[in-house]
Number of protein chains: 2
Amino acid sequence: MAARMTRQRTAVVEALDEIADFRSAQQLHETLRARGESVGLATVYRALQALADASEVDVLRAEDGESLYRRCARREHHHHLVCRMCGRTVEIDGPTVEAWASKVAAAQGFDDIEHTIELWGTCADCRASAAR
Amino acid sequence: MAARMTRQRTAVVEALDEIADFRSAQQLHETLRARGESVGLATVYRALQALADASEVDVLRAEDGESLYRRCARREHHHHLVCRMCGRTVEIDGPTVEAWASKVAAAQGFDDIEHTIELWGTCADCRASAAR
DNA sequence: CGATCTTTGACAACCGTTCTCAACAGGCGT
DNA sequence: ACGCCTGTTGAGAACGGTTGTCAAAGATCG
């Protein structure tokens, strides 16, 4: 149950530190492979899962169901505005929304409330390049 | 390109009309099979997809990535408070949240904004039965 | 250095979903 | 009613992301 610091784990963490956007496990795997830091795909998944469990990275689901990972600046609860084309991310929070969510849920007699609030859009750069 | 009214499609729509909660394609398939209305799994998926495209049903992703379907009372934009154990659903809306979402996204220069806002919890009934 | 015990990686297994394609059946014209 | 035309069905294969398997590799401690 230790948590040994292996070359592979270090590589994953470093890659995440350098990338500001949400990336899939497979994209990260490809990135690592491209830079010579060969790491097995299963290992990338395991590392990401461990990091997510430790709240070291945020996870969210793309529209096609793929999981995307990102090392966020703040560890406190927050949400994201993500470019669906390039993954560019802006961290956002909305105290008003938080309050609204828990109030609504409680009013219906629900417990253990959790909310999913994510914003998707196309960032200025991607819009420009898509327009040619 | 017609859109023929087949026994199978009718069966899927009827099942959805009778079930108030979010259900997966596989659960619906099982339900249909159980009541004697034998329909192929692929057909259930196709019917649900067609209904979703026509905005006849709402789709959302469970935490494990499975798609859940529900015939909602209103066709206008709204969100849901869903029991993660039984699928019980309450339709909710929050004009405040809508406004907040589009304002935040626009302020960052994002376009084609879309938002995912879903509330998950444990409903009173499930809490009671879980506590034995 | 050696023993121990977690971690790794190639590959198989999984699971939800979609594709394939021959058999089938609405629905329209006659 | 009858048939034809074409969209639909269903069993199973294929797919894509993710997780499990297990022998080999390597990190940590004495």
Side-chain angles (χ1 to χ4, degrees), chain A residues 1-16 21-54 56-70 82 84 87 116 118, chain B residues 1-16 21-54 56-70 82 84 87 116 118:
Chain A
M1 81 174 82
R4 296 178 180 170
M5 191 51 60
T6 63
R7 170 181 66 78
Q8 292 87 337
R9 282 218 252 262
T10 305
V12 171
V13 172
E14 280 178 359
L16 284 168
D21 311 330
F22 271 96
R23 288 291 150 80
S24 70
Q26 317 226 24
Q27 286 176 319
L28 284 167
H29 176 243
E30 192 45 52
T31 299
L32 291 170
R33 179 141 303 198
R35 66 167 70 168
E37 274 285 357
S38 170
V39 178
L41 178 56
T43 301
V44 173
Y45 273 107
R46 282 185 290 237
L48 288 172
Q49 195 163 274
L51 288 167
D53 288 348
E56 292 284 329
V57 297
D58 278 20
V59 190
L60 60 81
R61 297 259 181 186
E63 305 184 343
D64 66 0
E66 200 174 9
S67 291
L68 304 178
Y69 304 83
R70 175 176 193 263
V82 186
R84 79 187 110 230
T116 305
E118 301 296 342
Chain B
M1 87 172 83
R4 298 176 178 169
M5 191 52 58
T6 62
R7 171 181 66 77
Q8 293 86 336
R9 282 217 252 259
T10 305
V12 171
V13 171
E14 281 179 359
L16 283 168
D21 310 330
F22 270 96
R23 287 292 151 79
S24 71
Q26 316 226 23
Q27 286 177 320
L28 284 167
H29 176 244
E30 191 45 52
T31 299
L32 290 170
R33 179 140 303 198
R35 66 168 68 168
E37 274 286 355
S38 170
V39 178
L41 178 57
T43 302
V44 174
Y45 273 106
R46 281 185 290 236
L48 289 172
Q49 195 164 272
L51 289 168
D53 288 348
E56 292 284 329
V57 297
D58 279 20
V59 190
L60 61 81
R61 297 257 180 186
E63 305 183 343
D64 65 0
E66 201 174 8
S67 291
L68 304 178
Y69 304 83
R70 176 175 192 263
V82 186
R84 80 187 107 229
T116 305
E118 301 297 342

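Convention: sequence-line order gives letters A, B, ...; per-chain numbering from 1.
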query: Base, sugar-phosphate alone, or nothing: which one does B/Thr10 contact when heavy atoms must sit under 4.0 Å apart?
result: nothing

query: If you look at every heavy atom in B/Ala15 and B/Leu32, which pair is closest and at what distance?
result: CB-CD2, 3.9 Å

task: Return the value, rounded to whole Å, for the distance between atom CD of B/Gln8 and atom P of C/dC24.
output: 13 Å

DNA chain C: 5'-proximal contact among B/Arg7 and A/Ala47 (nearest heavy atom): A/Ala47

OP1 or OP2 of D/dG17 under 4.0 Å from side-chain N/O of A/Gln26: yes

query: Roughly how many Å is it from CE in B/Met5 to P in C/dC28, rounded to a whole number?
result: 12 Å

Closest listed nucleotide, where the reference is the side chain of A/Val39 and the choices are D/dG26, C/dG9, D/dG12: C/dG9

query: Just to confirm, is there a sub-4.0 Å distance from OP1 or OP2 of C/dT17 to any side-chain nitrogen or oxygen of B/Ser67?
result: yes

A/Thr6 side-chain N/O to C/dT6 phosphate OP1/OP2 under 4.0 Å: no

query: With a non-hydrogen cut-off below 4.0 angstrom, is A/Arg9 in contact with a base, only sugar-phosphate, or nothing?
result: sugar-phosphate

task: Give a yes/no on whether any side-chain N or O of A/Thr43 is located under 4.0 angstrom from OP1 or OP2 of C/dG9.
output: yes

query: How long is the line joining CG of A/Leu48 and C1' of D/dT19, in whole Å?
result: 13 Å

- line: Separation of C/dG16 atom P from B/Leu28 atom CG, nearest Å, is 14 Å

query: Considering only D/dG10, C/dT17, D/dG20, which nucleotide approaches the side chain of B/Ala25 most closely?
result: C/dT17

message: I'd like to know if A/Arg46 reaches the base of C/dT7 with its side chain such that a donor and an acceptor end up less than 3.5 angstrom apart.
response: no

Any donor-acceptor N/O pair under 3.5 Å between C/dC28 base and B/Arg4 side chain: no

query: Within this structure, what is the CG-to-P distance between A/Asp64 and D/dC15, rounded to whole angstrom?
result: 17 Å

message: Closest approach to the side chain of A/Glu66, judged atom by atom: which nucleotide of D/dG10, D/dG17, C/dC5 is it?
response: D/dG17

query: Could you state the CG-P distance from A/Leu41 to D/dT19, rounded to the nearest angstrom?
result: 10 Å

field: Contact summary for B/Tyr45 and B/Ala25, nearest pair of heavy atoms
entry: CE2-CB, 3.5 Å

task: Give a yes/no on whether any side-chain N or O of A/Gln49 is located under 4.0 angstrom from OP1 or OP2 of D/dT19.
output: yes

- request: Could you tell me whether B/Glu63 and A/Arg61 make a salt bridge, using a distance below 4.0 angstrom between a side-chain N and a carboxylate O?
  value: no

- prompt: A/Tyr45 side chain N/O closer than 4.0 Å to the phosphate oxygens (OP1, OP2) of D/dT19?
  reply: no

message: Please give me the minimum heavy-atom distance between A/Ala62 and A/Leu68, naming the atom from each residue.
response: CB-CD1, 3.9 Å

Under 3.5 Å donor-acceptor, B/Arg9 side chain and B/Arg4 backbone: yes

- prompt: A/Arg33 has an atom CZ; how far is it from atom P of C/dT8, in whole Å?
  reply: 14 Å

- line: To the nearest angstrom, the CD-C1' distance between B/Glu30 and C/dG16 comes to 16 Å

- prompt: Is a side-chain donor or acceptor of B/His29 paired with a backbone partner of B/Val39 at a separation under 3.5 angstrom?
  reply: yes

